[in-house]
Structures are given as structure tokens and as C-alpha cells.
Amino acid sequence: MKSPKIGLDEGIHVMHLFYRIDRRLWEANGPERSARTLASTQELLQKHAAACYPRIASFVNVGGKADLAFMIYEADLLALGRLHRQLEACFPPGTLTPVYSYLSVTELPEYVTTDEELKARILRQEQLDPDSEAFRTRWEEHRKRQAEYRRYRLYPELPDWELMGFYPMSKRRSATDNWYALELDRRKELMKGHARVGRKYAGRISQLITGSTGLDDWEWGVTLMAHQADALKEIVYEMRFDEVSARYGEFGPFYVNLNLDLESAWNQLNL
Ligand code: 76R
């Protein structure tokens with residue numbers, strides 16, 4: 001069956017790509033080819049530079065595990081696959097060695113307060129009459145915030161901060177600590193603690209959690225934007241003490257990357 005689009009019911013696909021440059025082949029191609037590669041890759045990135053999608057963002061890895069890194073944001077999986085291959089085709093054959101790649105999708109968390117819960121809380125805490133004007137105004141405010149939150153989670157626009165940290169993670173399923181065997185209420189309670197820790201990092205960390213259960217080797221991709229590496233280290237360290245991570249978190253490899261436009265990336269990597 002041929003289909004012009006492979007979308008999602010809501011949200012977009014996100015792909016993280018990490019490459020090493022084969023320096024021998026690169027040198028053999030010479031500076032003119034390097035300049036042409038830069039120009040054609042730049043052109044592709046400029047054509048895909050929406051705030052959310054279609055977007056290809058470029059980074060330089062500083063953890064030593066890779067050289068170049070990219071993030072592709074696309075609603076259509078066919079288009080995402082095409083962009084991935086077009087990006088690789090900008091480079092001379094063999095010069096780009098894939099190191100790690102990760103496919104995930106944006107999602108709404110299971111643990112946000114439902115409308116019913118919030119309504120009950122407002123009525124209880126603020127002692128409002130459900131038929132009053134005051135309640136209606138309050139409810140309207142909430143609906144607006146909720147819509148904004150949903151839009152941000154499903155169609156993220158990450159801030160242009162200096163660093164991008166990425167790692168995949170899963171929730172544990174061992175005989176004694178099985179996240180998936182917990183009741184929803186218990187998971188909700190635990191996630192409140194997690195979010196409390198996260199909120200302390202407002203202004204220092206901006207996070208994007210994308211779901212990958214059944215799509216890639218871990219269950220979530222964690223993308224953290226930061227100004228400095230200590231913020232990345234501190235949030236991950238502090239979360240290790242929170243029960244959700246301490247007891248139930250399992251982690252893949254960590255990639256720390258500089259958020260650089262392509263020309264700066266070329267300079268940084270001496271390409
Ligand atoms: O969307 C929200 O802000 C609501 C609260 C929230 C949810 C539901 C939240 C807040 N997170 C949620 C879900 Mn998170 N997060 C991580 C990591 O290294 C580690 O130990 C864990 C990696 C970090 C650093 C982080 C940061 N979070 C999730 C999920 C999905 C779980 C599920 O569905 O079972 C994962 C895997 C996960 C992991 N989280 C926050 C943060 C930060 C900084 C916040 C506060 C966000 C804010 O205030 O805007």
C-alpha cells in the first residue's frame with residue numbers, strides 16, 4: 001500500500017543522530033569538497049528550520065563519543081526518513097559513520113492532572129460555586145494554560161541554549177521493582193516528586209521527553225537543553241535520589257553536545 005503521509009494522531013516524530021567523521025577520507029577529499037559539503041548541508045538545514053517542524057538542528061558532540069549530531073523533527077515519518085537520508089547524502093561517501101541514532105515521538109504524559117481532578121481541587125480549595133462567574137473565569141484560565149501545555153509537549157520548540165544533552169532511558173521491570181506493575185495512582189504520586197525536582201531547574205534546564213516504547217531500544221529519549229554542563233550534571237544527580245529514578249530508572253549512553261550552527265560546527269571540528 002502506498003501512502004503519501006505517515007503521520008501520528010497527535011504530535012511529531014523526533015530523530016537524534018550521532019556521527020563520527022572518518023578523518024582519513026575527509027582529508028583525502030580536500031578543502032573544496034569540505035566547503036561544498038558545508039554549503040549543501042546548510043541549504044538542507046535552512047529549508048528545514050521551522051520553530052517546531054520540519055526542522056533539522058545541528059550540534060557538535062563534546063563527550064568524545066561522536067563528532068556531529070543532528071535532531072530531526074517531522075510530523076510525517078516518510079519525510080523524516082527522507083531528510084535523514086538527504087542529510088547523509090550531503091557528505092562524501094564513507095565520511096559519515098553512524099554512531100548512534102534514536103527514533104521517538106512527542107507525547108502527552110499520563111500523569112497530568114485531569115480536568116475532573118482540577119475542577120474538584122478548585123472548588124474545594126477556593127470554595128467557589130461551580131455556577132459562579134468567578135469559577136468560570138478561573139476555569140477559562142485553566143483551559144488556556146492546559147492547551148498551551150499540550151501544544152508545547154506535542155509540538156515542542158526547544159530554546160536555543162548552548163548545550164544539548166541526550167540519553168535514552170527506561171523504567172525498570174524487575175521482580176521487586178516493576179514500574180509497570182504499580183497502580184496509576186501510585187505512579188502519579190511518584191511522578192509528582194519527579195516533577196518537583198524538575199521544576200527547581202527552571203531557567204537552567206529545558207527538557208523534552210519523547211516516547212519510544214516499541215520504536216527504539218529504550219522507552220524514552222531525554223533531551224535536555226542547558227547553558228552549562230553543571231546544570232546537566234546536577235539535575236541528573238539530584239534525580240537519582242528521587243524514587244522514580246533511584247528505584248525505577250535505567251539509563252543508556254549520555255551524549256553532551258554544543259548547540260552550534262553548521263558553520264561554527266565546521267570550525268569547531270576543524271573540517
Ligand atoms: O510535563 C511536565 O512538566 C509535567 C511533569 C513531568 C512529567 C509527567 C516532568 C517534569 N517529567 C515528566 C515525565 Mn521529566 N525528566 C526525565 C529526566 O535522569 C533522570 O533521572 C530522568 C531523566 C529528566 C532529567 C527530567 C526532567 N520525565 C517524564 C518521563 C515520562 C515518564 C512516564 O511517562 O512514565 C520521563 C522518562 C522523564 C524523565 N521532568 C520534569 C524534568 C524536568 C526538568 C521537569 C520539570 C519541567 C517543567 O517544569 O517544565
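All figures in this text were calculated on a predicted structure; none of them were measured in a lab. All residue numbers in this chain count up from 1 along the given sequence. Every number for a ligand or one of its atoms is a count from 1 in the order of the listing.
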* **Contact check: Y167 vs ligand 1, nitrogen or oxygen atoms, below 3.5 angstrom** => yes
* Could you check which of K192, M239, R240, R199 puts a non-hydrogen atom nearest to atom 47 (C) of ligand 1? => R199
* Nearest protein heavy atom to atom 20 (O) of ligand 1, by residue and atom, and its distance? -> S245 OG, 2.6 Å
* Structure fact -> atom 4 (C) of ligand 1: closest protein heavy atom, distance to 0.1 Å, is Y149 OH, 3.5 Å
* Should we say atom CZ of R173 is surrounded by more than 12 heavy atoms from elsewhere, each under 6.0 Å from it? -> no
* Closest non-hydrogen protein atom to atom 34 (O) of ligand 1, residue and atom name please, with distance? -> K171 NZ, 3.0 Å
* To do: If the plane angle is over 60° it's perpendicular, under 30° parallel, otherwise tilted; pick one for W179 and Y111.
  => perpendicular
* Flag the pair R187 / E110 as yes when at least one side-chain heavy-atom distance between them is below 4.5 Å, and no otherwise. => yes
* To do: Identify whether the distance between the nearest side-chain nitrogen and carboxylate oxygen of E116 and K119 falls below 4.0 Å.
  => no
* Asked: In terms of residue, atom name and distance, what is the protein heavy atom nearest to atom 32 (C) of ligand 1?
  -> W220 CZ2, 3.2 Å
* Asked: What residue and atom, counting heavy atoms only, is the protein's closest point to atom 12 (C) of ligand 1, and at what distance?
  -> M191 CE, 3.6 Å
* Tell me which part of M169 gets within contact of ligand 1: side chain, backbone, both or neither, using heavy atoms under 4.0 Å. => side chain
* Asked: If you draw a 6.0 Å radius around CD in E157, do more than 12 non-hydrogen atoms from other residues or ligands fall strictly inside?
  -> yes
* Residues that, via side-chain heavy atoms closer than 4.5 angstrom, fall in one hydrophobic cluster with V99 -> I12, V14, F18, Y53, F59, M71, Y73, Y100, Y102, L108, Y152, L154, Y155, L158, W161, M164, F166, L208, W218, M225, Y255
* To do: For atom 14 (Mn) of ligand 1, grab the closest protein heavy atom and report residue, atom and distance to one decimal in Å.
  => H194 NE2, 2.2 Å
* Option with minimal heavy-atom separation from atom 44 (C) of ligand 1, where the choices are Q207, E250, E238 -> Q207
* Best match, P109, G198, A195: closest heavy atom to atom 42 (C) of ligand 1 -> G198
* Are any of the N/O atoms in R153 less than 3.5 Å from those in ligand 1? -> yes
* To do: Identify, for atom 29 (C) of ligand 1, the protein heavy atom at the shortest distance, and state residue, atom and that distance.
  => I209 CG2, 3.7 Å
